[in-house]
Student: 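Can you keep this structure in mind? I'll have questions shortly.
Lettering follows sequence order; numbering is per chain, from 1.
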There are 2 protein chains.
Amino acid sequence: MATSADKYIVSRPLYSEDGFLEVHEKVHRRHKSTLDHVIQFFMSDSKRVKNAALSLLPFISWMKIYRIKEWLLGDIVSGISTGLVAILQGLAYSLLASLPAWYGLYAAFFPVIIYFFLGTSRHISVGAFPVLSLMVGSVVTRLVPDEGLIPPVNITGFEGLTIGEQRAIVSASLTFLVGIFQLAMGLLQVGFIAIYLSDTLVSGFTTAAAVHILVSQLKFVLGLQVPGFTGPFAIINILQRVFSQISSTNLHDLVTAIVVMVVVFIVKELNERFRSKLPVPIPIEVIMTIIACGVSYAFNFKENHNVDVVGKIPNTFEAPVAPNLQIFQETAMDAFPIAIVGFAVAFAVAKVYAVKHDYVIDGNQELIAFGASNIFGGAFKSLAASTALSRSAVQESTGGKTQIAGALSAIIVLAVTLAIGFLLEPLPKSVLGAVVIVNLKGMLMQVCEVPYLWRKDRPDCFVWILTCVASIFLGLDLGLAVGLGVELIVVVFRTQFPRCSVLANFTGTDIYRDRKDYINLYEPEGVKIFRMPSPIFFANIDFFRGKLIDAVGFNPLRILRKRNKALRKIRKLIKNGELPFTTKTSNDTSYFHTEDSEDDGNMEDLDQPVDFSDLPIQVNWRSELPANITVPPVDIHSLVLDFSAVSFIDISAMKGLKTALKEFIRVDVAVYIVACDPYIIEKLKSCRFFDDEIRTSIFFLTLHDAMLHILEVNPPLSVCEKVYNKHGNLLNGNSSLRSRDIHNQRPETRF
Amino acid sequence: MATSADKYIVSRPLYSEDGFLEVHEKVHRRHKSTLDHVIQFFMSDSKRVKNAALSLLPFISWMKIYRIKEWLLGDIVSGISTGLVAILQGLAYSLLASLPAWYGLYAAFFPVIIYFFLGTSRHISVGAFPVLSLMVGSVVTRLVPDEGLIPPVNITGFEGLTIGEQRAIVSASLTFLVGIFQLAMGLLQVGFIAIYLSDTLVSGFTTAAAVHILVSQLKFVLGLQVPGFTGPFAIINILQRVFSQISSTNLHDLVTAIVVMVVVFIVKELNERFRSKLPVPIPIEVIMTIIACGVSYAFNFKENHNVDVVGKIPNTFEAPVAPNLQIFQETAMDAFPIAIVGFAVAFAVAKVYAVKHDYVIDGNQELIAFGASNIFGGAFKSLAASTALSRSAVQESTGGKTQIAGALSAIIVLAVTLAIGFLLEPLPKSVLGAVVIVNLKGMLMQVCEVPYLWRKDRPDCFVWILTCVASIFLGLDLGLAVGLGVELIVVVFRTQFPRCSVLANFTGTDIYRDRKDYINLYEPEGVKIFRMPSPIFFANIDFFRGKLIDAVGFNPLRILRKRNKALRKIRKLIKNGELPFTTKTSNDTSYFHTEDSEDDGNMEDLDQPVDFSDLPIQVNWRSELPANITVPPVDIHSLVLDFSAVSFIDISAMKGLKTALKEFIRVDVAVYIVACDPYIIEKLKSCRFFDDEIRTSIFFLTLHDAMLHILEVNPPLSVCEKVYNKHGNLLNGNSSLRSRDIHNQRPETRF
């Protein structure tokens, strides 16, 4: 019967969902209710407590497997290298935060100690992160503006302190609050929120941050005095100020900075190019810093050339401070995005190394670790800590295996700060600015993703650009919020406007495809197959109904109303004796409904199913109606909805779908829903979707099952004849149709 | 061959997507680019201009078909009834906006005139809307607080004006700005945004608004002096103030209000119950207002009992004012939600009547109409206009057919305001408050939806509650924003965490279902079928990979690394001569890769495909490995991903999917993707998803096609034997298996 080429042979009963359920019993699976989950949570308590205790101190687990012989050397080398980098970055990033330089060094010490015990990542280097420093800086300069500007709030306890000291207290309290938020999120187990910061969003956001960093470093590189601006459009104000003072550029600063930038840039490129040949990359930033210190000291840049230098670094730590509650109030709205960004960046970097070295990190534990680190750091006036990609790369690439490297780097920082910190005093700030700017290359180069995204994924490109532009002009916190909003809307958009299509059959097979895509498809007369390849919910149920009406070519509600109006007229004609029917069963009360004098008198009645009960005749809407009454014809008898890609239906959509289906059923179009997810059918049942008009028997397992059923129900002979005729014509007219398709035909498998 | 019960018989070639494309040529459909759309937009210019001009003035089209004989009487009756209601509501709702009473009357006149010409709805009654009035009121009291409180900003031009006059100017400017926003949105064709205000959101929001309205009317009903509070938690402050003064309640106000409330409530219930019997509902509010006016005048409530009355209503209109730009600046953030809410509510009401009376309304034209109405109204100090459901119901139910009824109602308002407005002077404000409160019943009763939603659709219930709570406590504007955010997140959530499942086959058919749902399913050995019924995008690609790894039971990356490590050891063994293989083709250079001394020296290499090229032997990972090297076994040879419900894949997900597929392919698991939307395949192709490892041949038309192909590729005999054995055992152990299933079997259709 089948040709030898036919390998796909199926012969089985025809199944509607109801019929299938009768034959194949479903296992009753009890789905856990919320209560069950709560009970389970408390039942498994003792084991959970033990696990929780262990997972709260992850260092225990890796300390147990520590291989001293193999790992320790790597950790030591890595710790020393990372420590040197951390010192330089700490100094530079505290400039971003508008703080005296040594507070950045604290961020490379205090938080690292806590993270050692609590963190699950073995490779990230905890400490200052430029984007975070900048966000802290914008809060700091808002609450404690430069001299000459009036602070927006008077904070108690600030009397008699220098601007630097005031700012340090603001930064410390903010860091403390960031830690509280992170700890709270960790305890609430909401570490999953990091997934909403998609790659695209983070890329656009960090590019914008790089622009901000670049602009904020201009004043150091040019040796200008520019007050910090905050709020929306601050970047424009800063640029305006910089360019209005451009003539008073300090040439010593500029030349030093350019020399440092060029040398560092070239050596970094060489490092990159000969990466495989070099045992460790040349630490050019450290070298240039030392040279710059020497030169600045030798020529007394500060006194002779009015160059802004790092200045005195205290050789003791400052005593811990209690956070200022008034600052908490003022910065609550800023601390939240800082907490999110700090965690998200660290988690992203940690994930890369976790995959690479095949261990597990835990988002919630990371939140707890960073929360505790920042609370501890904040108490000691440290900057808010996260991780810098560049520093983590140093820690990992120089052989760091565990956080022992991190702890060592903290000790290096401690030693340098306390013992030889004074050597850094003559370092010009322009050198730090230059180092920061050179390191922006990677972040700024992310702009190159835009043309790629534009070609590949327009909506994603849209997210990138909007996030970046909003972050540049509105500031990083608002920009992040805008980016998140746009990103969520894009997801909704993608789900909302799918490509609906009308399907048709490949003759002789069970395959259905968009009828516009192929030429020799067979569309059985009187049947429309409509496919909506997306979830159906409040935002696209109207879209769905519109597309459905477009596809079938008529509005069923309008037809129903016209039919009901026609029926009223017929009733009136019969009553007036103008129609030659004998009213055999009629009595007076049955004409109660015909009292309406106007044809649009009662609109609600027109939406009811056509009711023949009080009429002596059955009206055939396809034939001519008497007395010039016309009703638009309905040229389909069956409508098949392919729900195979409908992944959920919400309650608004259910109502809309029900209305739509009823409208079709009331104009005598049989509706079938095929390939619907069994869970959606269950949900529809539990929501009382079904009634006298819409029955569960409309569901069929596959499109082909429904089509075979339709063929069975609708006079198969006449349809068959028509099919043969139509098909025959098609064949004669189109000789390119492959003969195999015809060979395969048997009456049952025609479409 | 097939039993007579088998009606589903298909015999066709087996198709992969590639094979299918070869046989069935696809029509090349050129999809319009953005440029094409722009060109088309300008090409069809002349026709578009004419249509646009006509659609800008919709009254022309319905004036043409106006049936004077049939419609005019209805319009006149409706106009008069609506006018009377509009006067009362205008007075009452201006109290909500904290304005002198007559400004609400203006809202029933000026905007209506413009809407007559520009609006597409024939049935809504344009004018004051309580929620909108309240939102305006919160801005008004913020900028012009009650006496004794200091306004936050000094607005130029406010010197020497009374508080009422100042508030009128604020309200007028705000209304003007609302109009500008609406007009701009209409011109930008963004009328579709109304769909994001889902039924659930609007229900929660209006319930919260009803609570606000109730609280704001308490002071009138009790006759207290309570200043207006604004901002988050204002409602708590107001309630606190009201209850702290509760002892100074004016009993005359309270008694009057209670009497009015009780009478109006009862009569309204009667109206509702005998709706079919009454020609028109009893206008009880109007009657009670007239009675209250009389009583108040007769007993001189104002002087004798210190009752707060409406007071003097000027018998001329005020001259138009130019909007105040300073107020624009201060209220820009408030005007936007007002514009959205005003439009959305009016559009929702209009849509109901448009469906009922079968005409088309146009969201963008409605935005333009309301924009123009509010700009015009704002110039004449009118309140922001939208529509009130109750008033529109009056206009429609009393026989209104077109906006001629609306225009007539405006004329009634005009006449009453100018001619007999002074009669309303003695009306106590408590009566207005009482009328407002009674009318809140419907809005407050929406609370009953919550238990229904809770049972039927948990996430929707969540949206309702959060929107309502946020709107009550944070204020309507912030509450709306929170509600919208929650709503979008819920959509993302629903798409994000689908119910993944492992499928298995109903023996003898092409049907596959969740293996956990049925007992007698057949899962071919070595094959896993994984179904992810949702789009795949940045927020669930990790979830997808996690679930996939759970489903197959092993982590392919870990296996790959272990295999590569094992290979390194084998290479070392061979090099050292510890393995008894003759290195027939080896030369020195081929051992270049084995120089790594540590087994975890170079992680990147471990992620590469297993490379046997430099080895004299092929390693069979399933057999024992020499020298106690162990690699975890992989017990599947094929992985089938059912993508039938994947409606889109974004670019992040593409990267993640590619990585995941590669990991499986590299451990020799053949991956197949079935039932994938052809458009997704096209997109993957254009994004260079395919390479040497991932080929387009992995796509198959249906799950069954892929399974048959797998059976063909993987030694069919041995698999067949196993199947027979396994199946035989299953049969013996489970006699309930239907015999028909077995009869249908042929080798090709086993699963």
Side-chain angles (χ1 to χ4, degrees), chain A residues 2 5-14 24 26-27 29 195-196 198-200 356-358 453 456-457 460 488-489 491-492 494-495 498-499 506 508-511 516-519 533-535 537-539 542 558 603 644-645 647-648 650-652 677 679 687 701 705 708 744 746 748-749, chain B residues 2 5-14 24 26-27 29 195-196 198-200 356-358 453 456-457 460 488-489 491-492 494-495 498-499 506 508-511 516-519 533-535 537-539 542 558 561 603 644-645 647-648 650-652 677 679 687 701 705 708 744 748-749:
Chain A
D6 288 350
K7 294 171 181 170
Y8 184 106
I9 298 164
V10 173
S11 163
R12 61 167 171 86
L14 194 159
H24 298 281
K26 209 166 168 181
V27 178
R29 280 208 283 161
I195 57 173
Y196 291 107
S198 69
D199 293 351
T200 310
K356 189 169 172 189
H357 294 278
D358 196 17
L453 284 176
K456 301 306 177 197
D457 199 345
D460 245 29
L488 292 182
I489 288 173
V491 172
V492 174
R494 290 198 210 234
T495 5
R499 203 193 287 255
F506 281 88
T509 71
D510 56 346
I511 300 167
K516 286 184 187 158
D517 275 345
Y518 298 89
I519 36 170
S534 81
F537 57 109
F538 66 88
D542 285 343
R558 203 165 290 169
M603 295 299 291
S644 59
S647 46
F648 68 84
D650 79 352
I651 199 135
S652 316
D677 194 311
Y679 296 110
C687 290
L701 276 206
D705 280 294
L708 294 175
N744 300 347
R746 300 194 341 182
E748 290 90 338
T749 59
Chain B
D6 288 352
K7 294 172 182 170
Y8 184 106
I9 300 165
V10 172
S11 163
R12 61 168 172 85
L14 194 159
H24 298 281
K26 208 166 170 180
V27 177
R29 280 207 283 161
I195 55 174
Y196 292 107
S198 68
D199 294 350
T200 310
K356 188 169 174 191
H357 294 278
D358 198 17
L453 284 177
K456 301 305 176 195
D457 199 346
D460 244 29
L488 292 183
I489 289 174
V491 172
V492 174
R494 291 198 211 234
T495 3
R499 203 192 288 253
F506 281 89
T509 71
D510 57 345
I511 300 167
K516 285 184 189 158
D517 274 344
Y518 299 89
I519 35 170
S534 81
F537 57 108
F538 67 88
D542 285 343
R558 203 165 290 171
R561 284 176 177 165
M603 294 300 292
S644 59
S647 47
F648 68 84
D650 81 350
I651 199 134
S652 314
D677 194 310
Y679 297 109
C687 290
L701 277 205
D705 280 295
L708 294 175
N744 299 346
E748 290 89 339
T749 60

Student: Output all residues satisfying side chain to side chain donor-acceptor pair (under 3.5 Å) with A:S198, sequence neighbours left out; order by chain, then residue number.
Tutor: A:E487

Student: Taking atom CG of A:D705 and atom CG of B:D510, what is their separation to the nearest 0.5 Å?
Tutor: 8.0 Å

Student: Evaluate the side-chain proximity of A:Y8 to B:V10: yes if any heavy-atom separation is below 4.5 Å, no if none is.
Tutor: yes

Student: Kindly indicate, with the supporting measurements, whether the criterion side chain to side chain contact (heavy atoms under 4.5 Å, CB included) is fulfilled by B:F648 and A:D457.
Tutor: CA-CA 11 Å; B:F648 68 84; A:D457 199 345; over 6 Å; no

Student: Partners of B:S647 by side chain to side chain donor-acceptor pair (under 3.5 Å), sequence neighbours excluded?
Tutor: none

Student: Apply the test side chain to side chain contact (heavy atoms under 4.5 Å, CB included) to residues B:D650 and A:D460: give CA-CA distance (whole Å), side-chain angles for both, the deciding distance (0.1 Å), then the verdict.
Tutor: CA-CA 8 Å; B:D650 81 350; A:D460 245 29; 4.3 Å; yes

Student: Determine the option with the most heavy-atom pairs under 4.5 angstrom with chain B, choosing from A:T200, A:L453, A:I489, A:T495.
Tutor: A:T495

Student: OH of A:Y196 to CZ of B:F538: how many Å apart, nearest 0.5 Å?
Tutor: 8.0 Å

Student: State, yes or no, whether a side-chain contact exists between B:R12 and A:I511 at a heavy-atom distance under 4.5 Å.
Tutor: yes

Student: Taking all atoms of both residues into account, what is the closest heavy-atom pair of A:K356 and B:R561, and its distance?
Tutor: O-NH2, 3.2 Å

Student: Side chain, backbone, both or neither: which part of A:P498 has an atom under 4.5 Å from a heavy atom of chain B?
Tutor: neither

Student: Distance check, rounded to the nearest 0.5 Å: B:R494 atom CZ versus A:F537 atom CZ?
Tutor: 9.5 Å

Student: Relative to chain B, which of A:I651, A:I195, A:D677 shows the most heavy atom pairs under 4.5 Å?
Tutor: A:I651

